[in-house]
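All chains are named by letter (A, B, ...) in the order of the sequence lines, taking the proteins before the strands, and each is independently numbered beginning at 1.
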There are 2 protein chains.
Amino acid sequence: MFDEYDKSYPIELVADFLGVNSRTLYYYERFSLVCPLRRGRKRYYSKADIRWLEYVRELMYDEGMNLRSIIILIRRRDNIILGKCPEDVVDCFKNYLMQISKERE
Amino acid sequence: MFDEYDKSYPIELVADFLGVNSRTLYYYERFSLVCPLRRGRKRYYSKADIRWLEYVRELMYDEGMNLRSIIILIRRRDNIILGKCPEDVVDCFKNYLMQISKERE
DNA sequence: ATAATTTTTTCACTTTAAACGAAAATTAAT
DNA sequence: ATTAATTTTCGTTTAAAGTGAAAAAATTAT
């Protein structure tokens with residue numbers, strides 16, 4: 001429950017779980033799509049990282065989006081959620097995101 | 001003023017204006033990114049079509065998005081604006097879209 | 001310490017989307 | 001019917017996404 005953001009899963013395990021080559025995860029990292037903890041040189045991923053990567057794969061493979069678009073998606077969402085836009089827009093947009101993620105289920 | 005949606009510009013003119021090959025516009029059409037009027041077999045585009053295509057090019061070339069992502073963007077926006085979600089969310093989202101397009105200028 | 005294993009990194013290759021060139025096919029115009 | 005324009009098809013080019021192989025670096029075991 002509290003280990004959601006605990007970076008403790010090594011890359012090979014994550015790659016196997018997602019069904020991708022570990023090289024692909026290195027590749028994503030170069031685009032800042034994911035940011036594992038580095039202990040020494042080794043990488044460790046959290047459950048949240050893994051679920052995020054699942055979502056990324058879904059957008060890419062089920063929907064056909066490319067990396068750049070996903071990065072834009074993040075940036076825009078961050079702008080909305082962290083940025084300096086009015087409270088009511090933030091609230092509405094949060095609802096919108098919720099709605100979309102529900103539709104996805 | 002009323003000619004905004006008047007489909008009267010032939011493909012070659014539109015392609016020249018956008019700086020693309022007309023083949024590219026045929027290509028976009030196969031993805032339903034634009035829908036010119038067919039009189040006989042000839043295609044005619046409106047000013048609104050042209051501005052939409054300018055925006056598409058911008059998303060692709062300045063931002064690096066791919067066609068599929070733009071189609072998703074349309075679909076989602078249509079869901080929000082035309083769909084069955086509450087009025088206030090629609091209004092908020094319209095504002096959001098306005099804001100984004102202003103930031104772009 | 002050094003040998004063995006694991007992880008990272010680099011290089012090169014494959015595959016696919018996006019776009020374009022050339023030319024054949026179709027349509028319209030005189 | 002001949003000419004001109006438009007559409008369509010086919011093949012090629014370019015770049016992104018991903019992978020394989022193996023070198024390089026680091027960690028672990030003996």
Side-chain angles (χ1 to χ4, degrees), chain A residues 6-47 49-76, chain B residues 6-47 49-76:
Chain A
D6 228 47
K7 305 241 179 189
S8 53
Y9 302 98
I11 193 167
E12 210 55 52
L13 186 146
V14 177
D16 282 353
F17 179 77
L18 295 172
V20 301
N21 195 300
S22 58
R23 284 285 295 102
T24 302
L25 297 182
Y26 296 130
Y27 187 66
Y28 287 173
E29 204 174 327
R30 297 189 43 224
F31 291 96
S32 305
L33 261 183
V34 66
C35 184
L37 171 70
R38 304 294 289 267
R39 199 160 340 123
R41 289 221 170 179
K42 284 189 192 175
R43 290 165 169 79
Y44 297 93
Y45 298 77
S46 67
K47 280 182 183 170
D49 288 333
I50 293 170
R51 285 197 295 104
W52 163 246
L53 288 169
E54 275 189 298
Y55 181 51
V56 167
R57 298 296 294 179
E58 194 179 311
L59 289 178
M60 295 188 77
Y61 277 77
D62 298 352
E63 308 260 25
M65 290 181 72
N66 64 352
L67 285 185
R68 192 66 61 185
S69 301
I70 293 172
I71 290 163
I72 290 170
L73 194 142
I74 299 169
R75 176 154 39 83
R76 286 193 174 178
Chain B
D6 227 48
K7 306 242 179 187
S8 53
Y9 301 98
I11 194 167
E12 211 53 54
L13 185 147
V14 177
D16 283 354
F17 179 78
L18 294 171
V20 301
N21 194 299
S22 58
R23 283 285 294 103
T24 302
L25 298 184
Y26 296 131
Y27 188 65
Y28 288 173
E29 205 175 325
R30 295 188 44 224
F31 290 95
S32 304
L33 261 182
V34 65
C35 182
L37 172 69
R38 305 293 289 268
R39 200 163 336 129
R41 290 221 170 177
K42 284 188 190 173
R43 290 163 169 80
Y44 296 93
Y45 298 77
S46 68
K47 280 182 182 169
D49 288 333
I50 293 170
R51 285 197 297 105
W52 163 246
L53 288 169
E54 274 188 300
Y55 182 50
V56 167
R57 298 296 294 176
E58 195 179 310
L59 289 178
M60 295 188 76
Y61 277 76
D62 299 351
E63 310 259 25
M65 290 182 74
N66 65 351
L67 284 186
R68 194 66 60 183
S69 301
I70 293 173
I71 290 164
I72 291 170
L73 194 142
I74 298 170
R75 177 153 38 83
R76 288 194 172 177

Asks: What residues form a side chain to side chain contact (heavy atoms under 4.5 Å, CB included) with A:Tyr27, not counting sequence neighbours?
Replies: A:Phe31, A:Leu67
Asks: Only pairs at least two apart or in different chains count here, so list each side chain to side chain donor-acceptor pair (under 3.5 Å) that has a residue in residues 30-42 of chain B.
Replies: none
Asks: Which atom pair, heavy atoms only, marks the closest approach of A:Asn66 to B:Met65?
Replies: ND2-C, 3.8 Å
Asks: Set out, line by line, the N/O atom pairs under 3.5 Å between protein and nucleotides 12-18 of chain D.
Replies:
unit_1, atom_1, unit_2, atom_2, d
D:dA17, OP1, A:Leu67, N, 2.9
D:dG18, OP1, A:Tyr28, OH, 3.4
D:dG18, OP1, A:Arg57, NH1, 3.4
D:dG18, OP1, A:Tyr61, OH, 3.4
D:dG18, OP2, A:Tyr28, OH, 3.3

Asks: Who passes salt bridge (Lys or Arg N to Asp or Glu O under 4.0 Å) against B:Arg51, sequence neighbours left out?
Replies: B:Glu4
Asks: Could you state the atom-to-atom distance from CG of B:Leu25 to P of D:dA5 in whole Å?
Replies: 19 Å
Asks: Between B:Ile72 (CD1) and C:dA17 (C1'), how many Å, whole number?
Replies: 14 Å
Asks: Under the side-chain hydrogen bond (donor to acceptor under 3.5 Å, both in side chains) rule, collect the residues that match up with A:Tyr28, sequence neighbours excluded.
Replies: A:Arg57
Asks: Can you give each donor-acceptor pair under 3.5 Å made by side-chain atoms of residues 8-17 of chain A, sequence neighbours left out, with the distance rounded to 0.1 Å?
Replies:
none

Asks: For A:Glu29, what residues pass the side-chain hydrogen bond (donor to acceptor under 3.5 Å, both in side chains) criterion, not counting sequence neighbours?
Replies: A:Arg43
Asks: Could you write nucleotides 6-14 of chain C as a row of B, S and -, 5' to 3', where a protein heavy atom under 4.0 Å of any base atom gives B, of only sugar-phosphate atoms gives S, and otherwise -?
Replies: -SBBBB---
Asks: From CZ of B:Arg30 over to C1' of D:dT7, roughly how many Å is that when rounded to an integer?
Replies: 13 Å
Asks: Identify, with sequence neighbours excluded, every residue that meets side-chain hydrogen bond (donor to acceptor under 3.5 Å, both in side chains) alongside B:Ser46.
Replies: B:Asp49
Asks: What is the separation between atom CE on B:Met65 and atom P on C:dA19, rounded to the nearest whole Å?
Replies: 13 Å
Asks: How long is the line joining CG of B:Leu53 and P of C:dA18, in whole Å?
Replies: 15 Å
